[in-house]
Amino acid sequence: MSLVATRFAPSPTGPLHIGGVRTALFNWLFSKNKKGKFYLRIEDTDKERSKDEYKDQIIQSLKWIGIQHDEKEYIQSKNINKHKEISEKLLKKGFAYKCYCSEEEINEQKEKAKKKGIPFVYNRKWRDSSNLEVPKNVNPAIRFKSKISGNTLIKDLVQGDINISNSIIEDFVILRKDGSPTYQLSAVVDDHNMNITHVIRGDDHKINTFKQKQIYEAMNWKLPEFAHIPLIHSEAGSKLSKRDKVSTINDYIKLGILSGALRNYLLRLGWSYKDKEIFTLEESIKLFDLKGVGKSPSKLDISRILSLNEYYIKHIDEKKLFELFKVYCEKFKKGIDKSKDDTLIRSMKFLKNKAKTLEDIYQNAQYILSNTIQISSENLKLLDDPSKKILKNFLNEYKKISKLNKDNLENILKKLIDEHKTNFKGVGQPLRIALTGSKFGPGIYDIILSLDKNEVVERLKIIE
RNA sequence: GGUCCCAUCGUCUAUCGGUUAGGACACGUGGUUUUCAUCCUCGAAAGAGGGGUUCGACUCCCCUUGGGACCGCCA
């Protein structure tokens, strides 16, 4: 079994944030690069906090960004019996023991440790309990018998060699008092059963590797490779929190970010390949490796995301862009009337040139989307009598045209500029305001050409 | 506090002992343009500090400083 297998193992206790998405991406990319498998495992052994809605959110997020897991997602809680079985084995083999300490006792130890300013390590009271009296009516927790002396070395594929003294690893709990397995046990058992070859996860799991390695050794199981990737920091500079405004995929979808852009951004956050900035999905699969992953944490940079998004908006197929736009509007704005579809599809080619996000397209397409044009009092002032006269003349000429194109329009405008002894702005601005209500927006020819002829007439008529 | 990790422009990063330290975003300038943009030109911008090793260090080693992670019967 030399087939590479990676997994992403989130706990459904909250919405997945983009740090997690990046971890999933790296795992997925790594396995696909090696023509291996990528699994999704939902770690729901914390029954109190796990929720189905979060599980769905996680799966949706991954799907949105283009990550597809092999086979059906694994639900960790379904394997609880297997985990318990292993715990039993460890107990029998003498690698684990029953701990009858009460919560109060443990808390007391923690308090003491805190006061002394030393790290809390469980005092291993029940490790060798031959002369202790087992209390009645107390369910024990099962603790793993960690090594007390010596050192352990982990060869991390990203971080390099990490060496720590075994004495700082406490006798961690593998089975709770209520008989349920903890993460340390479940993760190892599942990784082993799933034949995971590479565990790629956030830096914050590094210490767990030293605990988990001991379980592998006790069970005589093959140790997978480990790679701990640096965390993503918020713009403020600390670990990404669920409270950060832009931390979940949905936050970005709401902003009008395209999945390709975010995928590309996340890929380049902590990983690089020479000077290359833009990666198609195929390229990223082909080029991804763990060597390119940096060691230092990186900060989230929204302007970079926006700029990448701008690139993707400009380079995506226009029909496709329209479809995405439509979905975006349905979800976050008002649904688009079918009658506008053709106009919008045609207009994408210039709308996309002034947009960093789908939201920008929405703003610039207002003159198409809404049937009534709102003109602010400030802009209304710009439509003075001379301007109105220009508009009137324009309307007359415009009506006469049988076949509209840019050349025709250009001729009319030139003529008007001449006749009224003004410049392009003198004609263009009133036209834009009358047609769109705004001083800003797409090119005036684009606007006129994108609108139906009678629509243009109607809008100009209103200006009296 | 203990343990571990990290350290190049503001940000993401390239450099695998010898470079005028490169690219991208953001920023500034100039130009094209029909408004806003786009686009193009040019520019400013970095090896945290101190010791070594070496003919030569951003690159290797040590210390300091700074930042981060972990220290749950959460995952």
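All values below were derived from every heavy atom in this structure, side-chain atoms included, with hydrogens, water molecules and symmetry-related copies excluded. Reminder, nothing fancy here: chain letters follow the sequence lines and each chain counts from 1.
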May I ask you to say what [X] touches in the nucleic acid, namely base, sugar-phosphate or nothing, with a heavy-atom cut-off under 4.0 Å?
X: A:Lys276; answer: nothing
X: A:Gly270; answer: sugar-phosphate
X: A:Ile162; answer: sugar-phosphate
X: A:Glu48; answer: nothing
X: A:Gly441; answer: base
X: A:Lys177; answer: base
X: A:His205; answer: base
X: A:Phe172; answer: nothing

Using Watson-Crick or G-U wobble geometry with both distances under 3.5 Å, which nucleotide pairs with B:G2?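 Pairing partner: B:C70.
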
Under a 3.5 Å limit for both distances, which nucleotide forms a Watson-Crick or G-U wobble pair with B:U19, could you say?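 Result: none.
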
Centroid separation under 6.0 Å, is that true for the rings of A:Phe26 and A:Phe288?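 When the ring centroids of A:Phe288 and A:Phe26 are compared, they turn out to be within the sub-6.0 Å range.
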
What nucleotide, of [options], holds the atom closest to the side chain of [X]?
X: A:Asp46; options: B:A75, B:C6, B:C12; result: B:A75
X: A:Glu310; options: B:A7, B:C5, B:U38; result: B:U38
X: A:Asp275; options: B:G22, B:A7, B:A26; result: B:G22
X: A:Lys206; options: B:C4, B:C25, B:G72; result: B:C4
X: A:Thr182; options: B:A24, B:C70, B:C73; result: B:C73
X: A:Val173; options: B:U11, B:C73, B:C36; result: B:C73
X: A:Ile168; options: B:U35, B:C73, B:U3; result: B:U3
X: A:Leu269; options: B:C12, B:C4, B:C70; result: B:C12
X: A:Lys299; options: B:C12, B:G68, B:C73; result: B:C12
X: A:Glu277; options: B:A24, B:G10, B:C5; result: B:A24

With a 4.5 Å cut-off on side-chain heavy atoms, are A:Ile361 and A:Met348 touching?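 In short, these two side chains touch, coming nearer than 4.5 Å.
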
Sidechain-backbone polar pair: A:Arg127 side chain, A:Ser146 backbone, donor-acceptor under 3.5 Å: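 Yes, A:Arg127 side chain to A:Ser146 backbone: donor-acceptor pair under 3.5 Å.
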
Determine whether the side chains of [X] and [Y] contain a donor N or O and an acceptor N or O closer than 3.5 Å.
X: A:Thr45; Y: A:His83; value: no
X: A:Tyr74; Y: A:Asp190; value: no
X: A:Glu53; Y: A:Gln57; value: no

Report yes if the ring of A:Phe440 lies under 5.5 Å from the six-membered base ring of B:U35 with planes under 30°, and no otherwise.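 Given the distance and angle limits, no, they do not stack.
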
Taking the nucleotide of RNA chain B with the nearest heavy atom to each, does A:Asn163 or A:Ser307 sit closer to the 5' end? A:Asn163

5′-ward residue of the pair A:Gln159/A:Ser303 relative to RNA chain B: A:Gln159

